[in-house]
Amino acid sequence: MKVYLDNNATTMVDPEVFEAMKPFLTDNYGNPNSLHSFGSATHPALRKALDELYVGINAKDSDDIIVTSCATESNNWVIKGIYFDKIARGDKKRIITTAVEHPAITATCHFLKDLGVELTVLDVNDEGVITPQQLRDAMGDDVALVSVMYANNETGMIFPIKELAKIAHEYGVPFHTDAVQAVGKIKIDVQDLDVDFMSFSAHKFHGPKGVGALYIKDSQELSSLLHGGEHMGGRRSGTLDVAGIVGMATALTLANKYLEFENSHVKSLRDKLEDAILKIPEVTVVGKREHRVPNTILASIKGVEGEAMLWDLNQAGIAASTGSACASEALESNPIMEAIGADKDLAHTALRLSLSRFTTDEEIEYAIDEINKAAKRLRAISSTYAYTPAGHISGL
């Protein structure tokens with residue numbers, strides 16, 4: 001059996017999404033900026049898709065939703081745009097973020113730190129989130145931007161975005177959220193959240209890879225990251241990927257349609273898998289279920305290296321991960337586990353399992369059996385588990 005439990009890395013394209021995209025790959029392939037009929041033939045579908053994106057996140061007509069290549073681009077655009085608009089000009093000097101952001105945020109912030117930006121990184125609690133009071137304590141007149149993810153890509157923990165945005169606004173500071181792991185899993189209402197910027201990516205909710213978006217409240221000023229033509233009202237240059245935009249809009253519409261299913265069927269399968277893993281002795285799962293998106297588990301199985309577990313599961317046809325796919329080539333301890341206070345040995349045992357609405361009960365049953373087998377085998381050969389006496393403390 002093949003079982004895909006790495007949906008936080010990417011999802012399969014929904015067949016309905018693929019069917020919606022096909023005409024714009026083969027028949028209506030014209031450049032939408034061309035004046036001839038091949039270009040203009042794409043306009044009705046493009047307008048419809050953009051309208052669906054606005055409806056999908058409850059944006060206002062006065063807001064902008066700018067299509068990008070992915071959320072990494074959207075995140076870079078916000079942070080670097082704020083740098084050019086507020087920091088490079090000397091108005092402000094500090095960006096506030098958290099210790100558990102996606103590399104698209106942390107790497108960009110550290111790049112700007114080398115250019116003189118002051119960076120305040122808020123530590124998370126043992127649940128893997130920050131509190132509104134932490135942000136309030138860190139705020140000041142020198143802050144140019146607050147950027148906090150909506151849901152963590154590894155733990156699935158949901159941050160109190162509405163409350164955090166309100167605090168930032170009390171100081172007149174724009175608030176950005178990387179909502180990649182929230183869109184399509186929980187209800188998104190940007191008017192209720194009152195965020196200034198929000199990034200998301202189609203391939204996380206059964207849309208195509210290579211297309212994402214940046215929501216900009218009230219079309220406010222933000223220096224462009226890409227310059228060239230007058231695409232997207234001059235805010236983001238580059239020929240529009242009509243098939244990708246149609247695919248993203250269709251995927252978002254379907255994701256919202258299946259939200260109740262996500263919070264019942266998917267959550268019940270996630271809980272079944274989590275309950276089974278917790279029956280293995282000395283297992284920890286990060287974060288309370290009710291505070292997580294409904295599809296995600298980050299577990300630590302003591303004495304079992306995460307990469308070794310992935311090897312065994314892969315041999316059994318099961319796809320999982322030890323954390324973010326964007327950092328998968330670095331075989332280091334899981335930084336999220338370390339951020340919540342786990343020691344390095346435990347942080348090396350991280351196993352992330354993420355489901356989708358296409359996951360079946362039979363697949364979960366199979367995964368439970370294989371995880372149990374792998375844990376038993378790997379613990380039997382683990383020098384840190386099988387051969388270490390209880391309570392032993394090394395003097396080395």
Is the shortest side-chain N to carboxylate O distance from Glu73 to Arg236 below 4.0 Å?
yes
Any side-chain heavy atom of Leu164 sitting closer than 4.5 Å to one from Val146?
no
Distance-only donor-acceptor check, side chains Glu363 and Thr359, under 3.5 Å:
no
Salt-bridge test for Arg94 and Asp142: reply yes if a basic N is under 4.0 Å from a carboxylate O, no otherwise.
yes
Does the side chain of Thr284 come under 3.5 Å of the side chain of Ser300 through a donor N or O and an acceptor N or O?
no
Quick one: does any side-chain atom of Thr26 pair with a main-chain N or O of Lys22 as donor and acceptor, under 3.5 Å?
yes
Given Val143 and Lys92, is the side chain to side chain contact (heavy atoms under 4.5 Å, CB included) satisfied, shown in steps?
CA-CA 6 Å; Val143 178; Lys92 306 284 182 177; over 6 Å; no
Under a 4.5 Å side-chain heavy-atom rule over Ile, Leu, Val, Met, Phe, Trp and Tyr, are Ile65 and Leu240 clustered together?
yes
Any side-chain donor paired with an acceptor under 3.5 Å for Ser224 and Arg235?
no
Arg357 and Glu262 ion-paired at < 4.0 Å:
no
Hey, mind stepping through His102 and Val180 against side chain to side chain contact (heavy atoms under 4.5 Å, CB included) and telling me if it holds?
CA-CA 10 Å; His102 186 274; Val180 164; over 6 Å; no
Short question: side chain of Ser201, backbone of Lys204 - any donor-acceptor pair under 3.5 Å?
no
Does the pair Val148 and Thr177 meet the rule for a side chain to side chain contact (heavy atoms under 4.5 Å, CB included), with working shown?
CA-CA 5 Å; Val148 179; Thr177 186; 5.6 Å; no
Is it true that Asn76 and Lys80 share a donor-acceptor pair across their side chains at a distance under 3.5 Å?
yes
Could you tell me whether Arg289 and Asp275 make a salt bridge, using a distance below 4.0 angstrom between a side-chain N and a carboxylate O?
yes
Test your reading of the model: is there a side-chain donor-acceptor pair from Gln181 to the backbone of Tyr150, 3.5 Å cut-off?
no
Salt-bridge contact Lys166-Glu170 (side-chain N to carboxylate O under 4.0 Å)
no
Ser199 versus His176, side-chain donor and acceptor atoms under 3.5 Å
yes
Is it true that the side chains of Asn8 and Asn153 contain a donor and an acceptor less than 3.5 Å apart?
no
Quick one: hydrophobic cluster around Phe358, which other residues, with the 4.5 Å side-chain cut-off, linked directly or via members?
Met12
Compare all side-chain heavy atoms of Met198 with those of Ile188 and state whether any distance is below 4.5 angstrom.
yes
Quick one: ring-ring contact (aromatic ring centres under 6.0 Å, His included) partners of Phe84, sequence neighbours excluded?
none
Using distance alone, with no hydrogens and no angle criterion, decide if Asp218 and Ser62 have a side-chain donor and acceptor under 3.5 Å apart.
yes
Using a distance-only test with no angle check, is there a side-chain donor-acceptor pair under 3.5 angstrom linking Thr42 and Asn28?
no
